[in-house]
**Q** 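The structure is given below, and queries will be raised subsequently.
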Amino acid sequence: MSCQRLKKWFDERYDFEGIRSFTKHKLIPVHKYGILYYTGGLTMFLFALQFITGMVLSFYYVPYHEQAHKSIIEIVTKLNMGWLFRSLHHWGAQLAIGVLFIHVFGTLLLKAYRKPRELIWITGFILLAISIFFGLSGYFLLWDERAFAAVRVATGGAGNLPVIGGFIKSFLRGGLDVTGETLIRFYGFHVSVLPFFTLLLIGIHVLLVQYHGMSIPLSQKDNVKKYEPFFPNVLYKDFILWLIALGVVVTLSVFLPPEIGKKADPLAAPPENIKPEWYFLFLFQTLKLFPGDIMGLNGEMIAIILISLGILFFFLIPFLDRKSARDEKSTAFTWIGIIYTVYFVVMTIIGFIT
Amino acid sequence: MRLKFSLITRREFLNTLFGGWLIAFLSGSFYALLKFAYPTLGKEPDFVVLNAKDFTDIPANSVKPFPWGGKLGFIFKRPDNKTVALKGVCTHMECNIAYKPEDKKFYCPCHKGWFDMDGKVIEGPPPKPLEFFELTQEGEKLIVAKKGIKVELPKA
């Protein structure tokens with residue numbers, strides 16, 4: 001009864017006809033790669049989880065280099081449910097990045113980036129970069145040995161870019177070296193700059209997906225036998241997946257709480273066999289491939305330039321793949337997509353087991 | 001007064017005026033924002049002065065760390081008892097290095113770089129040898145300086 005009155009209240013003031021007909025007519029094509037349609041929503045759900053757990057963690061975390069490490073230990077050992085929320089934030093991040101990579105490589109391999117969806121690819125690419133920076137800045141906040149070395153390497157690596165490298169490096173570090181200044185800066189990025197742009201870009205990304213509708217892979221164009229209504233069929237399936245994901249995150253958080261290393265000491269050597277987070281392993285392995293000196297040139301700089309070019313090419317794929325833009329079969333870019341995916345997977349595994 | 005001919009319409013004039021104003025305003029604001037967000041940079045020191053007493057009893061074939069600005073420095077007593085000073089930072093990705101007395105080598109755990117006692121690269125990705133400093137002692141003071149820097153201490 002009161003629900004009806006509320007509905008009437010809104011209907012008298014706002015015209016919902018457009019939204020209503022949109023939701024009624026939103027259809028999702030059914031084909032054999034349909035499962036990949038769910039990865040985007042799942043990533044978004046996991047990000048929402050990160051926002052919530054992050055908000056409460058920020059009530060207790062102290063972003064100052066002398067107290068940061070201790071404040072995390074206190075969150076975990078002294079606060080009600082602190083152990084759970086720190087764990088949830090950690091595992092939520094791992095899963096979010098994992099699903100995000102599946103989403104990205106799925107989009108790449110099915111060429112969902114092709115005309116007219118270039119802007120979805122661009123916003124998605126920026127979101128991927130933001131997410132990785134979220135990861136880096138997030139684990140730097142632990143202020144432990146591993147995080148310290150990782151941020152030195154990551155910011156130092158950016159410093160090897162020609163021309164703008166030095167600027168980026170000191171901008172990120174907040175000075176010449178990685179210090180307490182860097183911690184405050186990364187905290188600022190992690191809790192204010194990045195979340196703002198994430199929300200903005202997710203908004204644009206999702207709106208554009210609604211505008212264009214779901215992309216159908218070229219190979220499946222003639223195989224789509226039926227369409228499923230988004231409301232409620234696909235949405236319910238989304239919910240099932242989100243619930244499973246939440247279950248996985250909570251289970252991992254309870255049984256495998258993340259550790260925290262020794263407090264960072266700028267004058268100590270990093271521990272033996274130090275490794276970055278798994279989503280940096282492919283870069284880590286790539287850096288190891290290059291010798292210090294390549295025909296008299298600085299090998300490190302060459303490595304960073306090649307990596308940057310690889311990333312730039314990846315970013316520009318929708319504009320370079322002219323064939324699929326015309327809805328033609330584009331074998332070259334299928335192989336390029338496979339090479340990117342295989343390179344990422346193989347290098348990550350090699351980094352993991354060595 | 002009304003002009004008979006005009007090269008631009010009133011709308012074009014206003015759009016240019018306000019557009020220009022907007023661009024000027026935004027670029028000025030962005031410049032100020034960037035100027036504020038960009039950190040004031042310190043400088044790597046040319047030399048540091050240490051207390052000589054703290055570094056007299058280093059056993060041979062070992063290192064003792066000291067702060068070189070915000071970075072790690074080593075006073076290194078070589079196996080042949082010669083004492084030298086060097087920057088304890090890998091030339092590859094700026095990780096801190098460690099001394100391995102059993103191998104008589106410096107080692108960077110980040111990407112597995114190895115240097116010999118003179119800082120030469122033996123293995124791994126580092127592009128340049130380690131940076132060594134000049135080490136001089138003036139009474140109680142141990143002065144570690146970049147090569148080629150003339151240190152003038154204030155007379156106390």
Side-chain angles (χ1 to χ4, degrees), chain A residues 145-146 148-160 166-182 184-185 188 193 264-276 284-294 296-304 354, chain B residues 33-46 48 50 62-75 86-101 103 105-115 119-130:
Chain A
E145 282 176 325
R146 188 174 76 126
F148 196 83
V151 168
R152 254 198 182 159
V153 171
T155 52
N160 272 303
F167 174 83
I168 294 179
K169 179 170 138 185
S170 9
F171 181 77
L172 290 175
R173 287 184 173 181
L176 285 177
D177 296 319
V178 177
T179 58
E181 304 285 326
T182 320
I184 300 175
R185 212 157 256 261
V193 181
D265 175 359
L267 295 189
E272 200 58 50
N273 285 321
I274 189 168
K275 270 185 206 173
F284 177 76
Q285 283 302 322
T286 310
L287 282 179
K288 272 195 191 171
L289 284 180
F290 285 83
D293 193 85
I294 301 171
L297 294 164
N298 185 339
E300 185 188 0
M301 193 183 239
I302 293 174
I304 299 287
T354 50
Chain B
L33 212 65
L34 211 61
K35 192 94 182 154
F36 177 61
Y38 193 75
T40 35
L41 298 179
K43 195 176 161 291
E44 200 179 312
D46 284 335
V48 295
L50 304 167
S62 73
V63 292
K64 187 163 186 178
F66 69 90
W68 173 259
K71 290 198 166 87
L72 170 68
F74 281 136
I75 302 290
L86 68 149
K87 189 149 91 178
V89 177
C90 183
T91 49
H92 178 227
M93 285 281 174
E94 299 185 44
C95 284
N96 289 343
I97 53 170
Y99 183 63
K100 299 260 176 197
D103 300 317
K105 284 172 196 160
F106 289 99
Y107 171 63
C108 172
C110 281
H111 304 96
K112 308 234 180 314
W114 289 90
F115 304 87
K120 270 215 307 275
V121 184
I122 314 173
E123 214 187 301
K128 277 184 291 190
L130 294 172

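Convention: sequence-line order gives letters A, B, ...; per-chain numbering from 1.
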**Q** Does N96(B) reach the side chain of R152(A), with side-chain heavy atoms less than 4.5 Å apart?
**A**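 Result yes, sub-4.5 Å side-chain heavy-atom pair found.
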**Q** By a 4.5 Å heavy-atom criterion (distance strictly below it), what part of A150(A) contacts chain B: side chain, backbone, both, or neither?
**A** neither
**Q** Given V153(A) and H111(B), is the side-chain contact (heavy atoms from CB on, under 4.5 Å) satisfied, shown in steps?
**A** CA-CA 10 Å; V153(A) 171; H111(B) 304 96; 3.7 Å; yes
**Q** Report the option among L172(A), D177(A), L289(A), L287(A) that has the most heavy-atom pairs separated by less than 4.5 Å from atoms of chain B.
**A**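 Among L172(A), D177(A), L289(A), L287(A), the one with the most close pairs to chain B is D177(A).
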**Q** Pick whichever of A149(A), S170(A), G157(A) has the most heavy-atom pairs under 4.5 Å with chain B.
**A** S170(A)
**Q** Hey, are the side chains of R185(A) and P39(B) touching, using non-hydrogen atoms and a 4.5 Å cut-off?
**A**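 Side chain of R185(A) against side chain of P39(B), heavy atoms only: contact under 4.5 Å found.
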**Q** Using a cut-off of under 4.5 Å for heavy-atom pairs, which of A303(A), P276(A), P270(A) has the most such pairs with chain B?
**A**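 That would be P270(A).
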**Q** Can you say whether F148(A) sits under 4.5 Å from chain B via the side chain, the backbone, both, or neither, judging by heavy atoms?
**A**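 Contact with chain B: none, neither part.
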**Q** Is it the backbone or the side chain of Y107(B) that comes under 4.5 Å from a heavy atom of chain A, or both, or neither?
**A** side chain
**Q** For K120(B), look at atom NZ and say whether over 12 heavy atoms of other residues, nucleotides or ligands are found less than 6.0 Å away.
**A**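 12 or below, so no.
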**Q** What's the shortest heavy-atom distance between G70(B) and L267(A), and which atoms?
**A** O-CD2, 4.4 Å
**Q** Which value, rounded to the nearest 0.5 Å, describes the distance between M93(B) atom CE and I304(A) atom CD1?
**A**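 The distance works out to 4.0 Å.
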